[in-house]
**Q** 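Quick one: the structure is below, questions incoming.
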Amino acid sequence: MDIKKKIQEHGMTLAQVAEKLSVSPPTLSAICKNKNPKLNTLERIADAIGITLSELVSDDNEESVANIVCPYCCKKIRIKPDIDE
């Protein structure tokens, strides 16, 4: 999840979104860097840039790649589906 990238993709700056949220740009920047922001914070950011929460938190590569965790070694395993269309 790259909040800053999503903001930029929707034609806005951090300063513009920060103003909509009534927070300072450095505060919003810190939220964007946080690995575990609160759900209500994410909802407010999504609303401010005019997208859904699921759009905000989705990974652009999510549709083509899935990650699972090996039950034996606990390493992440990337799985790319074989699509024949």
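Numbering starts at 1 and runs along the sequence shown.
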**Q** Run the side chain to side chain contact (heavy atoms under 4.5 Å, CB included) test against Glu55 and tell me which residues pass, sequence neighbours left out.
**A** Ile51, Thr52

**Q** Might you point out which heavy atoms bring Ala18 and Leu28 nearest each other, and give the distance in Å?
**A** N-CD2, 3.6 Å

**Q** Given the rule in the side-chain contact (heavy atoms from CB on, under 4.5 Å) test, do Glu43 and Asp47 qualify, once you have shown the distances and angles that lead to the verdict?
**A** CA-CA 6 Å; Glu43 289 172 336; Asp47 187 50; over 6 Å; no

**Q** Check Ile3, Ile45, Val17, Asp2 against Cys32 for a side-chain contact (heavy atoms from CB on, under 4.5 Å) and give me the one that passes.
**A**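 Considering Ile3, Ile45, Val17, Asp2, a side-chain contact (heavy atoms from CB on, under 4.5 Å) with Cys32 is found only for Ile3.
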
**Q** Starting at CD1 of Ile31, measure out to NZ of Lys4 and round the result to the nearest 0.5 Å.
**A** 14.0 Å

**Q** Please check if the number of heavy atoms outside Glu19 that lie under 6.0 Å from its CD is greater than 12.
**A** no

**Q** According to side-chain hydrogen bond (donor to acceptor under 3.5 Å, both in side chains), who are the partners of Ser24, at least two apart in sequence or on a separate chain?
**A** Thr27

**Q** Take Ile49 and Leu56 through the side-chain contact (heavy atoms from CB on, under 4.5 Å) test and state the conclusion after the steps.
**A** CA-CA 9 Å; Ile49 60 176; Leu56 180 65; 4.2 Å; yes

